[in-house]
2 protein chains.
Amino acid sequence: MVQNLIEHINSITPLTEEEEGIVAELVREKTLARKQFLHRAREVAQYSAFVVEGCLRSYAVDRNGFEHILQFAPANWWISDMYSFVKNKPSELNIDALLETKVLLLSRSCQVSIFDRIPKLERYFRILTENALAASNHRTINYLSLPAKVRYEKFCTMYPTLINTIPQKSVASYIGITPEFLSKLRAEF
Amino acid sequence: MVQNLIEHINSITPLTEEEEGIVAELVREKTLARKQFLHRAREVAQYSAFVVEGCLRSYAVDRNGFEHILQFAPANWWISDMYSFVKNKPSELNIDALLETKVLLLSRSCQVSIFDRIPKLERYFRILTENALAASNHRTINYLSLPAKVRYEKFCTMYPTLINTIPQKSVASYIGITPEFLSKLRAEF
DNA sequence: TTCAATTCTTAATCTAGATTAAAAAAAAAT
DNA sequence: ATTTTTTTTTAATCTAGATTAAGAATTGAA
């Protein structure tokens, strides 16, 4: 399990064997059943999770009880409630498993304390966060400027694997439409 | 001018006087007239800009020629096309000045090269990027779950200063509605 | 100042996507 | 295997917000 994470870090900032050992000590393995929560709204997010296998999602629930998906995390992705994790404040997101999922958990205090010992890890997370911000910006622009049909097409080419793994209504939630309307779009091929 | 940036960095990761001197060497001052471009779509973003005075905006232009604002940068904010800046690829955003604006420019190569000499700066940018990602996530959730009227109200409380400085149609563009519809919303108090 | 260019407002009309409801299909659980 | 739960589809109706158009108000340039 930890080997997956080590390889991911090595692909961005190669570590020495000693550093790899330290990383292995930092994280905790956990297996989540389908629909099991990793984090609930109103609590403070203690952990950031690296998905080894399976898929998680983060989402907010609005006033009317509708879910809105912020992020999917398939294998080799990190997921957390960044706001809550960083500011140590309760927040509005839930994180749960779309399928049975194996994760590695890293607490914020562990993460921050390791940055002084292994600056490479601060670089690793700095780069991941830059990439995540670029992706988030891209999503915002898509949302502002493209109609639902095009957003759906883009989603399909961007996440070809997810399309066949997750329920269609989750895709609808992510691209910001109702499942009924997505069904209608798909009917027009 | 540089003093504004130094103070901002010191508020997050305090620097020694020597380090402050190095930072001062890294950046280049520039003044932009109203409507002047800092960066144009299809070019590679060479610089990230720290706004000392005035206000910049980044925006995309869609197929129909409509502008969609991604970010406002008033004093003490950084702005760039993160995707282009980080990946060194041409991208889809324009950055220009809403008013006469003074900025400090930092090139990506300068930025990256300084991280080894002054790890505090890598921390500074890591923290800024984390905050920006948390804010961007929040915006996405707002988009997915709130009607236009509420998004406008939130914008007003979030950016009380901007409301009186920038044209109303820019607010509409940022919250994702037409200026006509914003005008209608405002008419209902 | 005055003139030209933007920006803002109002109002009528239109449409992408929401809502509601019900049945069909698929997936989980027992 | 059967039942229960969840997901997907279809279709009718509705609405938030877009579009179009034109005049009024601001702003900026000369």
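All chains are named by letter (A, B, ...) in the order of the sequence lines, taking the proteins before the strands, and each is independently numbered beginning at 1.
Annotation: side chain of B/D96 is in contact with side chain of B/R57 (closest heavy-atom distance under 4.5 Å). Looking only at side-chain heavy atoms (C-beta outward), B/R151 and B/I177 come within less than 4.5 Å of each other.
Rounded to a whole Å, the CD atom of A/E180 is 13 Å from the P atom of D/dT10. One atom, CZ of B/F181, and another, C1' of C/dC14, lie 14 Å apart when rounded to the nearest Å. If you take CZ of A/R186 and P of D/dA11, they are 16 Å apart, rounded to a whole angstrom. Rounded to a whole Å, the CZ atom of B/F66 is 17 Å from the P atom of D/dG17. Distance A/Y152 OH to D/dT8 P: 10 Å, rounded to the nearest Å. Distance B/K169 NZ to C/dA5 C1': 11 Å, rounded to the nearest Å. B/L98 places its CG atom 15 Å from the C1' atom of D/dT27, with the value rounded to the nearest Å. Note: CD1 (A/I175) to C1' (C/dA18) measures 14 Å, nearest angstrom.
Across C/dG17, D/dT7, C/dT7, the shortest atom-to-atom separation from the side chain of A/A148 is found for C/dG17.
The nearest heavy atom of DNA chain D to A/S183 and to B/I177 marks one nucleotide each, and the one closer to the 5' end goes with A/S183. Between B/R34 and B/K184, the residue anchored closer to the 5' end of DNA chain C is B/R34, taking for each the nucleotide with the nearest heavy atom.
The phosphate of C/dA18 has OP1 or OP2 within less than 4.0 Å of a side-chain N or O from A/T178. Of the side-chain N and O atoms in A/Q168, one or more sit less than 4.0 angstrom from OP1 or OP2 of D/dT9.
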- Message: Is there a ring pair (Phe, Tyr, Trp, His ring centres under 6.0 Å) between A/H138 and B/Y83? Walk through the geometry before answering.
- Response: CA-CA 8 Å; A/H138 194 245; B/Y83 171 80; 7.1 Å; no
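Remark: A/F37 CZ is packed, more than 12 non-hydrogen atoms of other residues, nucleotides or ligands lying under 6.0 Å away.
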